[in-house]
Amino acid sequence: MLDIKYIRDNPDALDQALQKRGQPVAAKQILGLDKERRGIQTQLQELQQKRNDTSKKIGELKRTGADATALMEQVAHDKNLMAELEAEEKELAVELDKFLATIPNIPAPDVPEGKDEKGNVEQRRFKEPTRKNNSKEHFEIGENLGLMDFDTAALLSGARFTLLKGQLAKLERALGNFMLDMHTKEFGYTEISPPLLVREQIMFGTGQLPKFREDQFQVRDLTPDESRGIFLQLSLEEMVDKKNYFQTERYENGVRVVSYTEEGEKRFNHLYEQKGGLWLIPTAEVPLTNIVHDEIVDEAQLPMRFVAKTPCFRAEAGAAGKDTRGMLRQHQFYKVELVSITTPDQSEAEHQRMTEAAETVLKRLELPFRTMALCAGDMGFAARKTFDIEVWLPGQNTYREISSCSNCGDFQARRMKARFRKTGDKSPQFVHTLNGSGVAVGRCLIAILENYQQDDGSVAIPAALRPYMDGLEAIKP
RNA sequence: GGAAGGGUGGCCGAGCGGUUUAAGGCACCGGUCUUGAAAACCGGCAGAGGUGAAAGCCUCUCGUGAGUUCGAAUCUCACCCCUUCCGCCA
């Protein structure tokens, strides 16, 4: 969420930022709403002041036993107007908030121009890509080993799931443990085992909602029909005759049948959303960042550094037909996630530090990678600046994203109301939040299979992982 | 699933229709005292927003929303959240 005051002072900067991201401008619309709302607010506040003063006088008169009828009538007179203004003000405020909630973060000045991944700029690379003619893709290697089973996964859960067996399942576990150990021991991150189901408000805080609803999975304790039934029982009596939210109410063979008006549907959808269940986290960024949700922390506590290995759940709604083979793009995968909460002064350096922590994972595993500065058009909603780390996949003969490290500035903090107080300072200010994969475990497994594949179909185990694999040097068919 | 209790400032906690501009305490900040510190004493200290050049003035917020009232932290209703006990269960 952006600061409305910032937009007031820098409307052009907002529009330029949106254009840089390849999105339509919005400043004029926002400022229009804002101006209208403030006008009404000022009017309303003047009336409120008048009412408060008069009410106080009434109280004094009554205490002394005097007659206050004249004053009481005077206050009653303004009531209707106040109610009107109040309703108007609220409607505008809600509209403005809803709109603001869908505006992405403003890219940092040094973020490259560009509308898609072609605009990204390479920062550095580690090892050169290996090119062999007979490199296999990870699913061939895994299936040939007999340890990667897509058919059974599909039987259990449908497309975009994988079942790992034996040494491959263990390799996945080893990778996660290796990463967690490194980040906690060498980079000072505190290991967290967070909830995987979170409230709507928490998803809003990090920016997954309301804009990216279709990409998420939700768990409900009510079916839509049950929910609808409750809605009808709750509201039918007062709504049918009063406001006519429902078009008709008639009886067929003694059964009451109700059909909905548009307004009724809207009302229902609103309630359904409100009564909705918990959301499955698409990344541990969500629970980790929200650790400071609605908190005012001491400056001395910053920076906070958290790491967690969790399953991540993604609907992949917009990715139909993309990466359908293998386990590159799944509805469920493990990821080790890094989150830092910092002061505004610290966030830039922390961003470098975090990216380095993620890169170190790949260096230890001796996997070739390159680090890219994302261009404005390719950055995520909440990010101010992002570095992607792309690992080399010889089977695909290309680099693929394995980590994404973003500095979100105060964008998420504002949504979460996460603040800190500088020692000596009166008013609190928003923290900065950063998140990065350190790294995606599933994709890292893929990278190891493809980079460590041998001609005989076996897969060597990187030296750094052997302690986690009981000293095993290779997985053989 | 059943029953009960509760949500008040950074934290604890009083208040249950009108001198509440929310008592008191803790924490924090400033001062006096001290070689320094502690203690003691004195003072300050909620957030969001509007308005203004500024000092300041004003509005809203006691979980959220609606209602009653001239006036609501306080009364009514709905919802959200938390805690405890019982039941079931990894």
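Here is the naming used below: chain letters follow the sequence lines, and residue numbers restart at 1 for every chain.
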For this session: Starting at CD of A:E285, measure out to CG of A:N435 and round the result to the nearest 0.5 Å.
Result: 3.5 Å
For this session: Give, for atom CE of A:M203 and atom CG of A:L278, the distance between the pair rounded to the nearest 0.5 Å.
Result: 10.5 Å
Which whole-number value in Å describes the distance from [X] [atom1] to [N] [atom2]?
X      : N     : atom1 : atom2 : value
A:R37  : B:U59 : CZ    : P     : 17 Å
A:D294 : B:G7  : CG    : P     : 18 Å
A:M82  : B:U69 : CE    : C1'   : 13 Å
A:I4   : B:G50 : CD1   : C1'   : 13 Å
A:Q43  : B:C58 : CD    : P     : 20 Å
A:I40  : B:U59 : CD1   : C1'   : 15 Å
A:Y6   : B:G49 : OH    : P     : 17 Å
A:E46  : B:U51 : CD    : C1'   : 9 Å

If you measure from the [atom1] atom in [N] to the same atom in [M], how many Å do you get, rounded?
N     : M     : atom1 : value
B:C16 : B:C11 : P     : 24 Å
B:A4  : B:G87 : C1'   : 15 Å
B:G52 : B:C70 : P     : 34 Å
B:G13 : B:C26 : P     : 15 Å
B:G63 : B:G6  : P     : 13 Å
B:G43 : B:G50 : C1'   : 30 Å
B:C85 : B:G18 : C1'   : 41 Å
B:C58 : B:C12 : P     : 31 Å

May I ask you to verify if any side-chain N or O of [X] is less than 4.0 angstrom from the OP1 or OP2 atom of [N]?
X      : N     : value
A:R8   : B:G50 : yes
A:R199 : B:C82 : yes
A:N52  : B:C60 : yes
A:K35  : B:G50 : no
A:R421 : B:C28 : no

Contacts under 3.5 Å, N or O only, protein and nucleotides 71-75 of chain B:
unit_1, atom_1, unit_2, atom_2, d
B:G71, O4', A:S55, OG, 3.3

Would you classify [X] as touching base, sugar-phosphate or nothing, given that sugar-phosphate means primed atoms plus P, OP1 and OP2, and contacts are heavy atoms under 4.0 Å?
X     : result
A:T54 : nothing
A:I58 : base
A:K50 : nothing

Under 4.0 Å between a side-chain nitrogen and a carboxylate oxygen: does that hold for [X] and [Y]?
X      : Y      : value
A:R37  : A:E89  : yes
A:E316 : A:R329 : yes
A:K385 : A:E348 : yes
A:K309 : A:E191 : no
A:D34  : A:R38  : yes

Problem set entry | Ranges pairing with ranges for RNA chain B, where each run has three or more Watson-Crick or G-U pairs under 3.5 Å |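 RNA chain B forms these stems: B:1-7 with B:80-86, B:10-12 with B:24-26, B:28-32 with B:40-44, B:46-51 with B:56-61, B:63-67 with B:75-79.
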For this session: With sequence neighbours excluded, give me every ring-ring contact (aromatic ring centres under 6.0 Å, His included) pair touching residues 149-176 of chain A.
Result: A:F161-A:H331
Exercise. Can you check whether A:L434 reaches A:S347 side chain to side chain, under 4.5 Å on heavy atoms?
Worked result: yes
Exercise. Counting distance only, does the side-chain N/O of A:R21 pair as donor-acceptor with the main-chain N or O of A:N105 below 3.5 Å?
Worked result: yes
Exercise. Can you check whether A:I202's main-chain N or O pairs, donor with acceptor, with A:H293's side chain at less than 3.5 Å?
Worked result: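 No; zero donor-acceptor contacts below 3.5 Å.
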Exercise. Which residue lies toward the 5' end of RNA chain B, A:F430 or A:Q49, if each is placed at its nearest nucleotide?
Worked result: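 The residue mapped nearer the 5' terminus is A:F430.
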Exercise. 5'-most contact on RNA chain B: A:D34 or A:K90, nearest heavy atom basis?
Worked result: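 Final value for this comparison: A:D34.
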Problem set entry | Residue A:T42, side-chain heavy atoms: nucleotide from B:G47, B:U51, B:G49 that is nearest |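 Minimum distance to the A:T42 side chain belongs to B:U51.
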